[in-house]
Number of protein chains: 2
Amino acid sequence: MSDTANRIIDVMAKLIQTRGYSAVSYQDISDAIGIRKASIHYHFPAKADLGVAVIQKYSESLMAPLDVADKDPSTTPYDKLDIYFAAYQGFKGDDKRVCLCGTLAGEYYALPEVMQAEVNRFFQAQQAWLSELFKDGKNSGVFKLPGTPEQTARLYFDALQGALLSKRAIGDDAQIDDVVATLKALVR
Amino acid sequence: MSDTANRIIDVMAKLIQTRGYSAVSYQDISDAIGIRKASIHYHFPAKADLGVAVIQKYSESLMAPLDVADKDPSTTPYDKLDIYFAAYQGFKGDDKRVCLCGTLAGEYYALPEVMQAEVNRFFQAQQAWLSELFKDGKNSGVFKLPGTPEQTARLYFDALQGALLSKRAIGDDAQIDDVVATLKALVR
DNA sequence: GTCTATACAAAGATAGAC
DNA sequence: GTCTATCTTTGTATAGAC
């Protein structure tokens, strides 16, 4: 993956997280990194190709710290939960972004099918990781869950995704803090 | 408000809920209701005008049953919660839609400012209603809350918004059922 | 209120020179 | 790899007849 291709992906990711996929044009990327539209098409022939690349890179960057935590046996369930929350708390401040796949899920049927598949994969992977965490935490007697591990995973994931949308629409970081605090207390 | 104007609003609402605002064109509406593009501009000169009208009608339609419940003293806090959940459970089945303002929040910075203001209003109104419900339910000893009334309201709202996105991205109604069931049990 | 016609800008995408 | 130039389609929007 060339350096330019990577910059294109990063700029596209940020633009999608701010405005959504449909509202981003090759011209926007062109303006942002000082390269002509045609040059972008060299790296990503169609917009859908770029969209897929963006989701894949984003998905990997979010899963990486979770995989690291899984491989370290000294990481407790509570540690893992904090690591997970950290990803969402990074959206606080003047950040105009929300979760990439949260945005994309909102405009789901405007997306090319290859991108829908990637969004689907992301949602499944996130919820699967949380399910495993809650299952382990429950079995080891660390967590008290408000439902099954799967149900708890869904509640956590959905609440955090919603919190990002609320935070931006209302313009208040407390939207994230409140949800994180309440979710944390929920499994004690 | 003319009959045609209302049909335009309804079609636009459905299209936004399916694909998002940016991806909907006057041509799409034209095709859907068998009227020329120019005729739509007669009713709504600019796309932003139509967007605002859509949000306002949607917002009123969601708040109406809540206001009715508030005015009837025989409605218990649990009744109100069920009424609130019902709005989200209506998205189950083959429905390709999610909450109108959930979609719009995802593409927030692609929206005209007048529409951003309406989305903001919707989020505030929804959370405010839930906050009141939880405050009353707590004061009357009916609810046991996992946090303050405001925190609980945010958790509920965000989780339900997220559940709609998950339901569609994953294609599983259980996403809504699980979250509703877990949230219900949370205040007992 | 709806139509035809049209203006004007922007979109995604390709061809071919450098 | 990046550029200029261009194609084609689509977008929002307006003018003016009916």
Side-chain angles (χ1 to χ4, degrees), chain A residues 1-55 57 103-104 106-116 118, chain B residues 1-55 57 103-104 106-116 118:
Chain A
M1 181 73 66
S2 76
D3 188 66
T4 304
N6 259 310
R7 272 164 60 216
I8 293 170
I9 289 176
D10 292 342
V11 164
M12 180 63 162
K14 187 166 186 174
L15 288 171
I16 292 175
Q17 288 179 275
T18 308
R19 306 186 210 152
Y21 175 78
S22 303
V24 179
S25 72
Y26 272 50
Q27 188 62 54
D28 293 325
I29 306 169
S30 168
D31 292 341
I33 65 182
I35 192 179
R36 295 293 171 160
K37 279 196 297 175
S39 306
I40 304 173
H41 280 287
Y42 168 80
H43 296 281
F44 303 96
K47 197 182 174 186
D49 300 323
L50 175 52
V52 168
V54 165
I55 304 175
K57 182 172 180 183
T103 325
L104 295 177
E107 49 184 345
Y108 195 74
Y109 288 106
L111 303 179
E113 282 182 22
V114 280
M115 289 182 65
Q116 291 179 6
E118 293 296 330
Chain B
M1 181 71 66
S2 77
D3 187 66
T4 304
N6 259 311
R7 269 165 61 216
I8 293 170
I9 289 176
D10 292 342
V11 165
M12 180 64 161
K14 185 164 188 177
L15 288 170
I16 292 175
Q17 289 178 274
T18 307
R19 305 185 211 153
Y21 176 78
S22 303
V24 179
S25 71
Y26 272 52
Q27 188 61 56
D28 293 325
I29 306 168
S30 168
D31 293 340
I33 65 182
I35 192 179
R36 294 294 169 160
K37 281 195 294 177
S39 306
I40 305 173
H41 280 286
Y42 168 81
H43 297 281
F44 303 96
K47 197 182 172 186
D49 300 323
L50 175 52
V52 167
V54 166
I55 304 174
K57 182 171 180 184
T103 323
L104 295 176
E107 48 183 346
Y108 196 74
Y109 287 107
L111 302 179
E113 282 183 21
V114 281
M115 287 183 66
Q116 290 179 6
E118 293 296 330

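The model shown is predicted, which means the values in this text are computed figures rather than measured ones. Lettering of chains follows the sequences in order, A, B, ..., and the numbering in each one begins at 1.
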A:H43 vs D:dT2: side-chain N/O to OP1/OP2 distance below 4.0 Å: yes

May I ask you to verify if any side-chain N or O of A:T4 is less than 4.0 angstrom from the OP1 or OP2 atom of D:dG1? no

Just do the side-chain contact (heavy atoms from CB on, under 4.5 Å) check on B:E118 and B:L104 with the steps written out, would you? CA-CA 10 Å; B:E118 293 296 330; B:L104 295 176; over 6 Å; no

Choose from C:dG1, D:dT14, D:dC3 the nucleotide whose nearest atom is closest to any side-chain atom of B:H41. D:dT14

Tell me, with the steps shown, if A:S2 and A:H43 meet side-chain contact (heavy atoms from CB on, under 4.5 Å). CA-CA 9 Å; A:S2 76; A:H43 296 281; 3.5 Å; yes

Atom-to-atom span, OH of A:Y26 to P of D:dT10 - whole angstrom: 18 Å

Which heavy atom of B:Y26 sits nearest to which heavy atom of B:F44, and what is that distance? OH-O, 2.9 Å

Between B:D28 (CG) and C:dA11 (P), how many Å, whole number? 17 Å

Using atom NZ of B:K37 as one end and atom P of C:dT2 as the other, report the distance to the nearest whole Å. 17 Å

Just N and O in the side chain of B:S39: are any of them under 4.0 Å from OP1 or OP2 of C:dG1? no

The nucleotide from D:dT12, C:dT2, C:dA13 with an atom nearest the side chain of B:K47 is D:dT12

What's the closest nucleotide to the side chain of A:A38 if the choices are C:dG12, D:dT12, D:dT4? D:dT4

In whole angstroms, how far is the C1' atom of D:dT9 from the CD atom of A:Q27? 17 Å

Determine: side-chain N/O of B:S25 to OP1/OP2 of D:dT10, distance under 4.0 Å, yes or no. no

For D:dT2, does either OP1 or OP2 sit under 4.0 Å from a side-chain N or O belonging to A:Y42? no

Measure the spacing between OH of B:Y109 and OG1 of A:T103 and express it to the nearest 0.5 Å. 12.5 Å

Check the distance between D:dC3's P and A:R36's CZ and give it to me in whole angstrom. 7 Å

Between P on C:dA10 and CD1 on A:I40, what's the gap in Å once rounded to a whole number? 16 Å

How many Å lie between OH on B:Y21 and C1' on D:dG11, as a whole number? 12 Å

side-chain contact (heavy atoms from CB on, under 4.5 Å), that's the test. Do A:M12 and A:K47 meet it? Break it down for me. CA-CA 10 Å; A:M12 180 63 162; A:K47 197 182 174 186; 4.1 Å; yes

Separation of C:dA13 P from A:D49 CG (nearest whole Å): 8 Å

